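Numbered from 1 within each chain, the chains take letters A, B, ... in sequence-line order. Computed from a predicted structure; not experimentally measured.
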Amino acid sequence: MEPIKEEKSLNFIEEIIEADLASGNYKSILTRFPPEPNGYLHIGHASSIWLNFGVAQKFGGKTNLRFDDTNPVTEDTEYVESIKADIKWLGYSWANEFYASDYFEKLFSLANQLIEQGDAYVDDLTPEAIAQQKGTPTEPGINSPFRDRSVAENLELFQQMRAGKFAEGAKILRAKIDMASPNMLLRDPILYRIKFAHHHRTGDAWCIYPMYDFAHGQSDAMENITHSICTLEFIPHRAIYDWCIAKLGLYPSHQYEFARLNVSYTVMSKRKLLQLVNEKHVSGWDDPRMPTISGMRRRGYTANSIREFCERAGIAKRDKLNDISLLEFCVREELNKTSYRRMVVFDPVKVVITNFEGADIILEGENNPEEENSGIRIIPFSKELYIEREDFMENPPKKFFRMAVGQSVRLKSAFIVTCTNVIKDEAGNITEIHCTYIPESKSGSDTTGLKVQGTLHWVSIKHAIQVELREYDRLFKSENPAMEEGDFKEYINTDSLHVISNAFAEPALKEATESQRFQFLRKGYFCKDKDSSDEKWVFNRTVTLKESFSKEVKK
RNA sequence: UGUCUGAUGGUGUAACUGGCAACACGUCUGGUUUUGGUCCAGAAGAGUCCAGGUUCGAGCCCUGGUCGGACAACCA
């Protein structure tokens, strides 16, 4: 019954959870995915989503979605909506939808608790002064002159901060930890700052907002998150995370860190992606060249292939750069099994079947040879066809299994044709290729016994529809633009979009919907773009087919 | 000059916790094929950052180095 699955080793997070469950530390687990709504989700987030939701699923636990919305100036509901849509599209559902801003009141009272305990104080220092007194990694910082204010005074001041009595930057609330700590984050970190900014959820109810370090751990604790999984750069923050929970006596959530997923030839930071959008290097967050979930979806990537990629890329603690070829493998693997085959000629040259007379012939082509019950579609065949200009050569090299004068090829799902001659214009360009066809060689009922080396895709001119194709190349010329010298934008590949407006497709493609994925025979995987209309068909290339011939040619 | 953190084929992960370094992607061969795709068969490629130590035995343990990354935002 149950298919025997190969025992796969657990990643280090799963090992921790398994041990926690086995030891009885926890009866069940609760994770959370905590995006800040200040940008669109990208493939790196997909890895985190896959981990947080996947690990909970695997061990019978649940996952909360919690928006980390503690900085109103960068956050927006547009992002909230896109993030929710992307997570759903990836195939995950959250147990609860929370917002850090839901906890503002509670967080405020926790801050007061800290003050009462003598563990926090209001500081009047300027940002510059604070930075200066912070010390350096090798030199200790010095105490603020306001560090020893009385509890009563701190309580009063903090209350006034909330009441809007002070200007932005005039006062902050700091934790009283240790200005000489070797961990710089522990040198009296800022807990609250004043911002007279409109919040996407709480509106103008607040003018003080908690910092990440005071919001995240407490939010985890309030939700009883058992395993709070984040990326490596938060390792030094764990000390504050634990400090707050201990001082406040909250539920002991624990933070674990893993290395974020990176992909070669792109960038994976919301700040950088936002720049690409704002400075119009791409058409938007969902530009098919973007590593965003929405961009990849528009390009034709499937949720399944993205999850598969995350799984294969794995989870570890060392910085890594995943090869884009693994992502491409994952999407090809799925699309090969699931997508319908269609014929589209990208760069047409006319072929005349000189011995073809009479009515057009209706042929059938299988939708997908990899899928038994995928059915067939109708393909009309007539006297005048288009084939790919690159599929004909006047002086072919020896391993050219395509069309040449005197050479025979199979037209996919149709007939074997033999090229007899070509017609050229005055400039010497080929305008027509003349062929004869063998009526007995019809696909499925071939009685000729002939074997030909090559099979070409084609369309019947009078039945074809004109389509626009958009081919995408990598967005950056550098394997790791973020690590290069200078501005990452210097490494943008300015030739990453190639539009083909004069391509012709077989008529069956008229029925295409945006959710369908196609393999254009011998060319690649494509999907219909949202820019399409009733009169215009636009298709995005998701990924090419593997191409060993071009490698052969390069030799 | 501090603290934290990491190091296994080109890339990414494993190695049942001390027992002949494995899997995937990529690369290369050959076969099949009405897609130069898929599929099938096979190959090359690391001796585990370095040096010591413990041990019958070390990628795993110990010591000391080296190199990489993070940390001095009123960002998350």
Chi-based syn or anti call at B/U17, which uses purine or pyrimidine torsion atoms and a 90° bound: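 Syn.
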Chi-based syn or anti call at B/G30, which uses purine or pyrimidine torsion atoms and a 90° bound: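 That one's anti.
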Residue-phosphate contact under 4.0 Å: [X] side-chain N/O, [N] OP1/OP2:
| X | N | result |
| --- | --- | --- |
| A/Thr136 | B/U1 | no |
| A/Lys546 | B/G36 | no |
| A/Arg187 | B/A72 | no |
| A/Arg318 | B/U13 | yes |
| A/Arg193 | B/C75 | yes |

Short N-O contact, [X] and [Y], less than 4.0 angstrom:
| X | Y | answer |
| --- | --- | --- |
| A/Glu223 | A/Arg32 | no |
| A/Arg312 | A/Glu333 | yes |
| A/Asp102 | A/Arg201 | yes |
| A/Lys523 | A/Glu390 | yes |
| A/Arg522 | A/Glu388 | no |
| A/Lys337 | A/Glu370 | no |

Derivation of the side-chain hydrogen bond (donor to acceptor under 3.5 Å, both in side chains) call for A/Arg260 and A/Ser47: CA-CA 8 Å; A/Arg260 66 154 23 100; A/Ser47 171; over 6 Å; no
Protein-nucleotide distance ([X], atom [atom1]; [N], atom [atom2]), rounded to Å:
| X | N | atom1 | atom2 | answer |
| --- | --- | --- | --- | --- |
| A/Glu311 | B/G12 | CD | P | 18 Å |
| A/Leu327 | B/U13 | CG | P | 15 Å |
| A/Ile387 | B/U35 | CD1 | P | 17 Å |
| A/Ile190 | B/C74 | CD1 | C1' | 5 Å |
| A/Lys320 | B/U8 | NZ | P | 13 Å |
| A/Asp319 | B/A7 | CG | P | 11 Å |

Position toward the 5' end of RNA chain B (nearest nucleotide), A/Leu10 or A/Thr70: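 Nearest-nucleotide comparison on RNA chain B picks A/Leu10.
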Answer with base, sugar-phosphate or nothing: what part of the nucleic acid does [X] contact at a heavy-atom distance below 4.0 Å?
| X | result |
| --- | --- |
| A/Lys412 | base |
| A/Asn183 | nothing |
| A/Met343 | nothing |
| A/Leu232 | nothing |
| A/Lys195 | sugar-phosphate |
| A/Leu456 | nothing |
| A/Arg341 | base |
| A/Phe214 | nothing |
| A/Gly454 | nothing |
| A/Leu363 | nothing |
| A/Tyr192 | nothing |
| A/Phe401 | base |
| A/Pro34 | nothing |
| A/Ile416 | nothing |

Quiz item: [X] side-chain donor-acceptor pair to [N] base, under 3.5 Å:
| X | N | result |
| --- | --- | --- |
| A/Arg410 | B/U34 | yes |
| A/His237 | B/A70 | no |
| A/Glu370 | B/G37 | yes |
| A/Glu257 | B/U5 | no |
| A/Arg332 | B/U38 | no |

Distance, nearest 0.5 Å, that separates NE2 of A/His42 from OG1 of A/Thr266: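 The OG1 atom of A/Thr266 is 9.5 Å from NE2 of A/His42, to the nearest 0.5 Å.
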Checking contacts here: which listed nucleotide ([options]) is nearest the side-chain heavy atoms of [X]?
| X | options | result |
| --- | --- | --- |
| A/Pro236 | B/A70, B/G37, B/G36 | B/A70 |
| A/Phe549 | B/U38, B/G12, B/G36 | B/G36 |
| A/Arg402 | B/G10, B/G36, B/A76 | B/G36 |
| A/Ile130 | B/G12, B/C74, B/G36 | B/C74 |
| A/Pro137 | B/U35, B/G10, B/A72 | B/A72 |
| A/Phe400 | B/A7, B/G36, B/C25 | B/G36 |
| A/Asn11 | B/A14, B/U35, B/C74 | B/A14 |
| A/Lys317 | B/U5, B/U35, B/C75 | B/U5 |
| A/Thr455 | B/A76, B/U34, B/C74 | B/U34 |

According to the interplanar angle, ranging from 0 to 90°, do the rings of [X] and [Y] count as parallel (below 30°), tilted (30 to 60°) or perpendicular (above 60°)?
| X | Y | value |
| --- | --- | --- |
| A/Phe234 | A/Tyr212 | tilted |
| A/Phe526 | A/Phe520 | parallel |
| A/His216 | A/Tyr241 | tilted |

Test item: A/Phe146 and A/Val122 side chains (from C-beta on) under 4.5 Å apart, heavy atoms: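 Answer no - side chains too far apart.
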Integer angstrom distance from the [atom1] of [N] to that of [M]:
| N | M | atom1 | result |
| --- | --- | --- | --- |
| B/U48 | B/C40 | P | 34 Å |
| B/G18 | B/G26 | C1' | 33 Å |
| B/U11 | B/C16 | P | 23 Å |

Nucleotide pairing, RNA chain B (Watson-Crick or G-U, distances under 3.5 Å), in dot-bracket with [ ] and |: .((((((..((((.....[..)))).(((((.......))))).....(((((..]....))))))))))).....
Stepwise ring pair (Phe, Tyr, Trp, His ring centres under 6.0 Å) check, A/His199 with A/Phe104: CA-CA 12 Å; A/His199 187 278; A/Phe104 280 174; 5.5 Å; yes
Ring centers of A/Trp50, A/Phe309 separated by less than 6.0 Å: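 No: the rings miss the under 6.0 Å criterion.
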Stretch residues 158-174 of chain A: residues that reach within less than 4.0 Å of RNA chain B through a heavy atom: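 Those residues whose heavy atoms fall under 4.0 Å from RNA chain B, taken from residues 158-174 of chain A in numerical order, are A/Gly169, A/Ile172.
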